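Keep in mind the model is a prediction, meaning the values are calculated, not measured. One is the number of the first residue; the rest follow in order along the sequence.
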Amino acid sequence: MSQKPEAIVFFDLDGTLFNSQIDVLPSSFEAIKKLKQKNITPMIATGRTPCEVVDLMKKTQIESIIGMNGQVVLYKGEKVFTNDIDKGVIDRLYQYSKQQTGIPLSFYNHEIMRVSQDSEPTKKFYHFLKEQVPPVDDQIYLKSPIQMLLLLCESGEALYRDIFPELTFIRNTPYCVDVFNNGGSKGYGITQLLKNKGFTDVPTYAFGDGMNDFEMFLTVDHPIAMGNAVDELKAQAEFVTDTNDNDGIIKGLQHFGLI
């Protein structure tokens, strides 16, 4: 049995734990270390997959993650929850993309990333993330559970919403749209974690900046918006801290007396 934490703090990555240079500030490293000394569990809560942030988790010593906007939950190395997309639905979506829109897809689970083709939109998106293009395998969904898809496009996702009501489509960057089971979100992943681990009485805090943090803000006890957050998210926050470039994380934690 893992020991019950005093509190759990969820950190979004882009625009939150990452500064504008996609780096973690020295003050944030320091803050995470202090949280752990006080038996407060720091967790990443991101649209990214666990395999994309392995190095970051090593570097920050954060061992737990709500990945792919809540489609997978790993707590100190233990797989607590996954929200797999039905293979038939993926097949329909892929056929529609091939025949109607020409939009390439990425297929993600908590261990692997694959793309349907290595084309211009694919290169553009992974270049934007400063990542290598994953291997091409458009049959991966027939062999492995998939928890998130990406539509690699700058526009055109509106058509999909009507045709695939069982899925949620969230534009996450100028070059991609996150796709997962309807009702899936960072908030839903957090709810599954607290329920499955018996942590429902543990105080929860979350830092975020974007619309994919909205459900997370509705789920935790203390939502904290970054100074650079979108206005709709700030409106849901208990506290608005400084920006991701100006020590917003450590200032927010100090405000709540966590460190």
Inset, instruction - Determine, step by step, whether F207 and D12 satisfy the side-chain contact (heavy atoms from CB on, under 4.5 Å) criterion, reporting the C-alpha distance in whole Å, the side-chain angles of both residues, the deciding distance to 0.1 Å, and the verdict. - result: CA-CA 6 Å; F207 287 81; D12 170 56; 6.0 Å; no
Inset, instruction - Begin with the C-alpha distance, continue with both residues' side-chain angles, and end with the deciding distance and a verdict on side-chain contact (heavy atoms from CB on, under 4.5 Å) for M226 and T243. - result: CA-CA 5 Å; M226 304 303 287; T243 67; over 6 Å; no
Inset, instruction - I would like to know whether I224 and F256 meet side-chain contact (heavy atoms from CB on, under 4.5 Å); could you show each step before the answer? - result: CA-CA 10 Å; I224 305 154; F256 283 97; 3.5 Å; yes
Inset, instruction - Apply the test side-chain contact (heavy atoms from CB on, under 4.5 Å) to residues K195 and Q192: give CA-CA distance (whole Å), side-chain angles for both, the deciding distance (0.1 Å), then the verdict. - result: CA-CA 5 Å; K195 208 170 67 184; Q192 294 298 320; 3.9 Å; yes
Inset, instruction - Check the pair T204 / D221 against side chain to side chain donor-acceptor pair (under 3.5 Å), numbers first and verdict last. - result: CA-CA 5 Å; T204 50; D221 302 319; 3.3 Å; yes
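Across L93 and F164, no two heavy atoms sit closer than the pair CA-CZ, 3.4 Å. In terms of heavy-atom proximity, S106 sits nearest to V115 at OG-CG1, 3.6 Å.
Each of N181, D84, N83 was checked for a side chain to side chain donor-acceptor pair (under 3.5 Å) with Q147, and the lone residue meeting it is D84.
In terms of modelled atom types and a separation under 3.5 Å, the side chain of N228 and the main chain of G15 share a donor-acceptor contact. Side chain of E78 to main chain of K76: no donor-acceptor pair is present (N/O by atom type, distance under 3.5 Å, no hydrogens or angles). With K38 contributing its side chain and E6 its backbone, the two residues share no donor-acceptor pair below 3.5 Å. Listed for the K36 side chain is a donor-acceptor partner under 3.5 Å among the backbone atoms of Q61.
Judged by distance alone, the side chains of N182 and T168 do bring a donor and an acceptor atom under 3.5 Å apart. Side-chain contact annotation: S144 with N109, donor-acceptor N/O pair under 3.5 Å absent.
In this pair, Y94 and Y141 present their aromatic rings perpendicular. The plane angle is above 60°, beyond the 30 to 60° band.
Residues Y108 and F180 place their aromatic rings such that the two centres sit no closer than 6.0 Å.
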